[in-house]
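Along the sequence shown, residues are numbered consecutively beginning with 1. Treat the numbers as computed from the prediction; the structure is a model and nothing was measured. For the numbers below, each heavy atom of this structure counts, side chains included, while hydrogens, waters and symmetry mates do not.
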Amino acid sequence: MTDDVVRRVFQVVDSFDPEGFVRLLAEDATLVFGNAEPMTGRETIAAGLRAFFATIGGLRHRIVRNWQVGDDVIAETEVTYRRLDGGEASVVAVSIWRAREDGLITDYRIFVDLAPVYTV
């Protein structure tokens, strides 16, 4: 079951659709991307994703492995980012999220070093 959930989450992320992603979240969810300030609430998270997506041309996740521990899902991925200049950079990332019984995500954390994405 965890594999299906993880695939679904990253398919939505890779669709480059912030509004689609926030539909996976509880209304008061929190998202933390790297060492950035936490974003809370669907509207704030969608705005943050739109701002981030404006700096890249696209992305795709390859799931390396994932685990579920209680309500938490941990996913190790290789993410290939398409730069605005058309180049690509791949980095390793770990995403950790907690979901309620209804499946909506309440807390989502992304650990990644994006320096290679923005280094020309």
Side-chain angles (χ1 to χ4, degrees):
M1 178 154 191
T2 303
D3 289 346
D4 293 337
V5 170
V6 171
R7 271 193 297 275
R8 182 174 59 95
V9 167
F10 289 116
Q11 284 172 348
V12 172
V13 172
D14 291 349
S15 74
F16 224 51
D17 176 16
E19 286 69 26
F21 177 74
V22 297
R23 284 194 290 275
L24 300 173
L25 306 178
E27 194 65 45
D28 60 347
T30 299
L31 184 140
V32 180
F33 195 107
N35 61 356
E37 289 296 315
M39 296 179 277
T40 301
R42 286 179 178 169
E43 289 184 28
T44 301
I45 293 169
L49 289 175
R50 280 192 295 276
F52 172 61
F53 287 168
T55 70
I56 60 174
L59 74 164
R60 68 181 178 278
H61 288 78
R62 182 179 69 81
I63 300 164
V64 175
R65 71 183 123 237
N66 63 79
W67 305 264
Q68 182 163 359
V69 180
D71 296 332
D72 298 325
V73 173
I74 305 157
E76 177 188 352
T77 58
E78 179 184 66
V79 188
T80 301
Y81 291 91
R82 190 168 4 101
R83 296 185 184 112
L84 293 176
D85 67 3
E88 291 188 343
S90 293
V91 296
V92 173
V94 172
S95 297
I96 303 171
W97 65 83
R98 174 169 288 207
R100 307 186 307 205
E101 283 186 23
D102 64 3
L104 292 177
I105 296 169
T106 58
D107 184 58
Y108 196 108
R109 297 168 185 266
I110 303 161
F111 299 91
V112 63
D113 177 6
L114 290 177
V117 176
Y118 298 105
T119 302
V120 181

Show the nearest heavy-atom pair for residues [X] and [Y], with the distance to one decimal.
X	Y	answer
I110	S95	CG1-OG, 4.1 Å
P18	L49	CB-CB, 3.9 Å
A93	V79	CB-CG2, 3.9 Å
V13	F53	O-CZ, 4.2 Å
A75	N66	CA-CB, 4.1 Å

Residue pairs passing the side-chain hydrogen bond (donor to acceptor under 3.5 Å, both in side chains) test where at least one lies in residues 103-115, sequence neighbours excluded:
D107-R109
Treating Ile, Leu, Val, Met, Phe, Trp and Tyr as nodes and any side-chain heavy-atom pair under 4.5 angstrom as an edge, say whether [X] and [Y] lie in one connected cluster.
X	Y	result
F16	F21	yes
I96	F10	no
V12	I74	no
V69	V94	yes

Main-chain N/O of H61 paired with D14 side-chain donor or acceptor, under 3.5 Å:
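The answer is yes, because a donor-acceptor pair under 3.5 Å joins these two groups.
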Would you mind listing every ring pair (Phe, Tyr, Trp, His ring centres under 6.0 Å) that reaches into residues 64-96, with sequence neighbours excluded?
none
Under the side-chain hydrogen bond (donor to acceptor under 3.5 Å, both in side chains) test, residues paired with S15 that sit two or more places apart
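S15: no side-chain hydrogen bond (donor to acceptor under 3.5 Å, both in side chains) contacts found.
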For the [atom1] atom of [X] and the [atom2] atom of [Y], what is their distance to the nearest 0.5 Å?
X	Y	atom1	atom2	value
Q68	W97	CD	CH2	9.5 Å
I105	R98	CD1	CZ	12.5 Å
D71	R100	CG	CZ	11.5 Å

List the residues meeting side-chain contact (heavy atoms from CB on, under 4.5 Å) with R7, not counting sequence neighbours, and say none if there are none.
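In terms of side-chain contact (heavy atoms from CB on, under 4.5 Å), with neighbours along the sequence ignored, R7 is linked to D3, D4, I63.
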Side-chain polar contacts of residues 82-89 - donor-acceptor pairs under 3.5 angstrom, sequence neighbours left out - could you list them?
| from | atom 1 | to | atom 2 | distance (Å) |
| --- | --- | --- | --- | --- |
| R82 | NH1 | G57 | O | 2.6 |
| R82 | NH2 | G57 | O | 3.3 |
| R83 | NE | V117 | O | 2.8 |
| R83 | NH2 | P116 | O | 2.7 |
| R83 | NH2 | T119 | O | 3.3 |
| D85 | OD1 | G87 | N | 2.8 |
| E88 | OE2 | R60 | NH1 | 3.4 |

Just list the side-chain donor-acceptor pairs under 3.5 Å for residues 29-42, sequence neighbours left out, or say none.
| from | atom 1 | to | atom 2 | distance (Å) |
| --- | --- | --- | --- | --- |
| T30 | OG1 | T40 | OG1 | 3.4 |
| R42 | NE | V22 | O | 3.3 |
| R42 | NE | L25 | O | 2.8 |
| R42 | NH1 | E27 | OE1 | 3.2 |
| R42 | NH2 | L25 | O | 2.5 |

Should F52 and L114 count as side-chain neighbours, where that means a heavy-atom distance under 4.5 Å?
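Sidechains of L114 and F52: in contact.
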Take atom CD in E43; do more than 12 heavy atoms of anything else shown fall under 6.0 Å from it?
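12 or below, so no.
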